[in-house]
S.K.: 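Let me give you the structure first, and then I'll get to my questions.
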Amino acid sequence: MSSDRRYSGGSLPPSDNPPNSRLFIIAPKALKEEDFRKAFSEFGHLEEVRAVTDRATGENKGVYYIKFSKTSEAARAMESMGGKVLLGTGRAMKIMVASSRDQGSKREENEEEKLQRLFVVVSKNMSDSELYDSFKDFGGIDYAHIIRDRVTKESKGFAYVKFLKFSDAANAFENCDKKFRPVFAEPRKSTKETTSSKPPLMSSPPSYRGEGSYGRASEGGRGRAGDRYERRRSLSPPDRCRDEGYTTLSVIANASVNQDQMWKLFDVVPTMEYCTMRYEGERGSPRPTRAIGEVVYSDPRWAAHAKQKLHGFEYPPGNRLIVRAEQREGGAYGKRPALSVEGGGADLRQIADTIAHASSLIQAAGLSPDLLQKKLGFTTDTKHDEPYCSVELPPSQPMASADADTEARCFIVCQESALSNRVLKDVFCRFGNLIDVYLLSNRNCGYACYASKFSADDAIQTLNGADVMGIRLKVIEAEERPGKRARLDDRSN
DNA sequence: CGACGGGACGC
DNA sequence: CGACGGGACGC
């Protein structure tokens with residue numbers, strides 16, 4: 001292929017597509033390209049075999065590249081041929097995955113890990129063990145873990161799966177369910193930081209750095225970082241609220257939330273006694289970055305209920321509240337009566353519906369604080385005006401396992417404005433076997449994935465045309481995903 | 001009306 | 001024993 005050296009025109013330079021499919025080999029100079037073809041073609045299809053020669057003398061430099069069609073082929077070739085002696089030349093080959101052409105001979109420190117670890121996208125409700133089960137058949141797994149928010153424990157929607165062998169990782173890379181969108185993970189950045197400036201990460205929200213201090217602020221209770229912006233708008237809670245029998249929740253919210261809004265939101269749950277708020281910001285920054293609330297309930301069961309319902313609630317939309325039981329010595333929270341708040345009594349259901357209703361109004365109101373306040377005020381006074389849903393919904397049902405196969409999908413349209421994920425999940429889970437439900441970003445339409453066609457049909461039957469919190473739903477059978485590949489054995493589609 | 005998300009680890 | 005090959009066209 002020496003005439004092909006220039007790779008000009010339409011053909012891409014021969015490189016690492018698929019990733020890690022090209023090998024870099026150090027071997028005796030006596031070996032010819034043909035020797036490598038013979039020795040390596042048993043592992044797969046060779047797209048390129050090349051000996052590097054000295055440009056001036058034409059002499060073989062003992063450096064070879066071979067490119068396989070598939071990563072797994074390269075992996076198996078490397079694992080079985082590395083260290084072997086070819087043709088009695090007397091010296092073992094050294095085989096590595098070739099770096100991309102621009103990297104040259106630079107080597108990274110965690111080179112091994114780069115070949116064993118996959119970075120995958122997971123649906124938000126998948127657990128570590130479901131993830132593990134989805135990958136265990138491809139080979140020995142070192143670990144499989146989903147990355148979660150340190151504070152809320154919510155899945156961030158991606159995960160790392162590390163195998164013990166490159167060839168197993170390659171096997172998973174090629175054969176795992178496409179929904180995981182696997183890529184070979186970049187090795188973790190080492191602790192020593194390069195002095196060069198790092199490029200801004202588009203994907204990181206500016207608030208990301210703040211997360212660390214969230215945890216510290218609420219755990220340590222020192223409140224130091226926020227001194228400058230601490231403007232309490234009310235007196236301290238009455239002493240009786242500190243007594244046993246009262247339960248305090250800690251709330252972390254977006255800085256745009258004011259105390260009245262938070263009060264009204266938490267007051268939707270009965271027995272709220274008190275709500276106080278302050279603001280915290282970074283030193284030297286002109287504006288607060290978050291609001292810190294303390295909400296006190298006289299009945300610990302309702303406090304638990306408020307925590308359960310409002311933790312993770314998007315308020316304002318796109319900003320999840322973090323609600324935790326305040327850690328306090330001998331706190332009343334831990335001593336609450338054993339009565340479950342999950343019992344689903346009529347009053348509890350009513351509250352859940354009211355909160356959901358508030359959610360829609362908050363969403364409809366956008367980010368304007370005044371409007372929010374008005375709408376929320378309206379909400380708390382008119383609980384009975386509007387039902388959660390215009391049609392009768394079956395009771396909640398557990399989600400299907402997140403790694404279940406999708407049997408049927410519904411296409412969802414929210415006619416006026418988007419419903420929150422929380423509400424969608426609550427509504428669409430009621431037909432059973434729900435795997436995942438989501439709206440496309442910045443759109444009012446999306447998909448519900450079910451593990452059973454029957455459930456999906458049921459959802460369509462019940463929900464199409466229904467009103468949920470004042471938003472009209474269109475729910476129809478989803479069209480087949482364009483790029484999706486059917487299983488080998490059914491080609492009917 | 002509407003049609004295919006999300007992406008980097010804090011020991 | 002150890003990295004290919006050649007040259008960047010934007011506001």
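Quantities reported herein were computed from a predicted structural model and do not represent experimental measurements.
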S.K.: So what does A:Asp436 hit on the nucleic acid, given a heavy-atom distance under 4.0 Å: a base, only sugar-phosphate, or nothing?
M.R.: base
S.K.: Send over the distance from A:Met93 CE to C:dC1 C1', rounded to a whole Å.
M.R.: 14 Å
S.K.: Is A:Tyr160 stacked on the base of B:dA8, meaning ring centres closer than 5.5 Å and planes within 30 degrees of each other?
M.R.: no
S.K.: Just by distance, no angles: are the side chains of A:Ser21 and A:Lys67 close enough, under 3.5 Å, to form a donor-acceptor pair?
M.R.: yes
S.K.: Measure from the side-chain heavy atoms of A:Phe158 and tell me the nearest of B:dG5, B:dG10, B:dA8.
M.R.: B:dA8
S.K.: Rounded off to whole Å, could you give me the CD1-to-P distance for the A:Ile147 and B:dG7 pair?
M.R.: 14 Å
S.K.: For A:Leu439 and B:dG6, what is the distance between atoms CG and C1' respectively, to the nearest whole Å?
M.R.: 14 Å
S.K.: What is the distance from CZ of A:Arg117 to P of B:dA8, rounded to the nearest Å?
M.R.: 13 Å
S.K.: Compare all side-chain heavy atoms of A:Glu477 with those of A:Lys453 and state whether any distance is below 4.5 angstrom.
M.R.: yes
S.K.: Base, sugar-phosphate or nothing for A:Ala159? Non-hydrogen atoms, less than 4.0 Å.
M.R.: nothing
S.K.: Describe the nucleic acid contact of A:Ile95 in one word from base, sugar-phosphate, nothing, applying a heavy-atom distance below 4.0 Å.
M.R.: nothing
S.K.: Find which nucleotide of DNA chain C each of A:Val52 and A:Ala27 is nearest to by heavy atoms, and output the residue with the more 5' nucleotide.
M.R.: A:Ala27
S.K.: Output yes when A:Lys29 and A:Glu59 qualify as a salt bridge under the 4.0 Å nitrogen-oxygen rule, no when they do not.
M.R.: no
S.K.: Under the 6.0 Å and 45° cation-pi test, does A:Arg76 pair with A:Phe43?
M.R.: no
S.K.: Please determine, for the side chain of A:Arg101, which listed nucleotide (C:dC4, B:dG2, B:dG7) has the closest atom?
M.R.: C:dC4
S.K.: Of the nucleotides B:dG2, B:dC1, B:dC4, which has the atom closest to the A:Lys474 side chain?
M.R.: B:dC1
S.K.: Which nucleotide in the set B:dA8, B:dA3, C:dC1 lies at the smallest distance from any side-chain heavy atom of A:Arg443?
M.R.: B:dA3
S.K.: Among B:dA8, B:dC4, B:dA3, which nucleotide has an atom closest to any side-chain atom of A:Cys445?
M.R.: B:dA3
S.K.: From B:dC9, B:dC4, B:dG7, pick the nucleotide closest to the side chain of A:Arg181?
M.R.: B:dG7
S.K.: Would you mind reading off the distance between A:Glu480 atom CD and B:dC4 atom C1', rounded to a whole angstrom?
M.R.: 12 Å
S.K.: Under 6.0 Å between ring centres, would you say that holds for A:Phe184 and A:Phe119?
M.R.: no
S.K.: In whole Å, what is the span from the CE atom of A:Met96 to the C1' atom of C:dC1?
M.R.: 10 Å
S.K.: For the base of C:dC4, is there a side-chain donor-acceptor partner from A:Arg22 under 3.5 Å away?
M.R.: yes
S.K.: Give a yes/no answer on whether the side chain of A:Ser123 brings an N or O atom under 4.0 Å of OP1 or OP2 in B:dG6.
M.R.: no
S.K.: With the stacking rule set at 5.5 Å and 30°, tell me whether A:Phe411 counts as stacking on B:dA3.
M.R.: yes
S.K.: For the pair made of OH in A:Tyr65 and P in C:dA3, what is the distance, rounded to whole Å?
M.R.: 8 Å
S.K.: Start with the C-alpha gap between A:Lys136 and A:Asp133, add the side-chain angles, then the distance that decides, and say whether salt bridge (Lys or Arg N to Asp or Glu O under 4.0 Å) holds.
M.R.: CA-CA 5 Å; A:Lys136 66 173 189 295; A:Asp133 287 345; 3.6 Å; yes
S.K.: Within this structure, what is the CZ-to-P distance between A:Arg472 and B:dG2, rounded to whole angstrom?
M.R.: 16 Å
S.K.: Using the aromatic ring of A:Phe119 (for Trp, its six-membered ring), decide whether it stacks on the base of B:dA8 within the limits of 5.5 Å and 30°.
M.R.: yes
